[in-house]
Amino acid sequence: MRRGTAIFLLINLIIVGFLINACSTLISLLFEDASADAIPRSDIPDPGSDLTGNRPQLIPKIIHQTYINSSIPAQWKAGQQACIDLHPDYEYKLWTDEMSRKFIATEYPSFLKTFNEYNYPIQRADSIRYFVLAHYGGIYIDLDDGCARKLDPLLSYPAWLRRTIPTGISNDAMGSVPQHPFFLKVIQSLDSYNRNWAMPYITVMYSTGPLFLSVIWKQYIGKTHPEAERVRVLMPDEYAKQPWSFFNIAKGSSWHGKDAQTIFWMGQHWLLLTVLGFVAAGILGSCLWWVWTTWLSQGSQTRGRKKFSFWRSSSRDRYELLNRIA
Ligand SMILES: *[C@@H]1O[C@H](CO)[C@@H](O)[C@H](O)[C@H]1NC(C)=O
């Protein structure tokens, strides 16, 4: 093989290797079905049953929700009221923007700058829920999810997240004991994931949202943990649409902007996009190859003599070089 070709291939291999390594958690996330940590249906008694009476209660009885201020929009009032009414023995905390900022300023002052400087309000709404769970423990529920039954059976795990199909986990319903190592890792990771990815949807998803949380979760479950530090996973039938489900989660996503539509469209057309991706990579590779060979031959024309001594190592190379100069 010509030395030029070998160097070209080597550079390309290094770039591809670097990209695969950078995306390895994302790629492995696609193949993670969470079955090892799933909360089994048999753990969930029917609503109204008191079978959970003899299980330990680990998570404190606190429900956290967030909104800009205390004027909840009409369409979410019923869901909020259902959560409050079903849980008279729970503390209920609605984290308004003002309360959230004060809480961060008092308890996590080193995060205040990042918190204040997030470009999108949803990034503050995302991050505050991780901090209150790490700090107080309890159950966080998105205002638009509502409660379908009492949450007591979910208090007997040290922490749990909600599975999303086809991949990853969501941050719209989560439970945890205070100071759980997973949520400590989450709040410690926020600063380093605070990057701008050009598209608002991706920036939000990957800096504070479900994609960020899924990646941290995938890293966390890569190691084995003692029972008290495990993170369990609530599967689809247990959170919506069944008589024994806990919530009324109906939405696909909280975002409806152009970016979100683009992403969903991409999800539906992944085969076409994969083929296009290979075609684009082929075209890009050919262009790079053309630039590389042009550069090599120009180099040998303008600095022929110097190049000649550089390429002298084997007579075959020299022959090729002479050929090219001529
Ligand atoms: C709460 O926020 C909404 C939306 O920004 C606003 O319309 C409303 O006036 C606010 N209510 C109070 C009590 O500040």
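As the structure lists them, so they are numbered: ligands from 1, and atoms in each ligand from 1. Keep in mind the model is a prediction, meaning the values are calculated, not measured.
The protein atom (non-hydrogen) at minimum distance from atom 13 (C) of ligand 1 is S71 OG, 3.4 Å. Scanning all protein heavy atoms for the shortest distance to atom 4 (C) of ligand 1 gives I68 CD1, 4.1 Å.
You'll find the ring centres of F131 and Y136 outside the 6.0 Å limit.
For K77 and D144, the salt-bridge test fails: no basic side-chain N is under 4.0 Å from an acidic carboxylate O. Electrostatic pairing of D97 and R124 does not count as a salt bridge here, judged by no charged N lying under 4.0 Å from a carboxylate O. With respect to the salt-bridge test (charged N to carboxylate O, under 4.0 angstrom), the residues D237 and R41 do not qualify.
The closest side-chain donor-acceptor pair between D145 and Y239, if any, does not fall under 3.5 angstrom.
Residue contact check: N69 has heavy atoms under 4.0 Å from atoms 1 (C), 2 (O), 3 (C), 8 (C), 10 (C), 11 (N), 12 (C), 14 (O) of ligand 1.
Within a 4.0 Å radius of atom 2 (O) of ligand 1, the protein contributes at least one heavy atom. The protein does not reach atom 9 (O) of ligand 1 closely, with no heavy atom under 4.0 angstrom from it.
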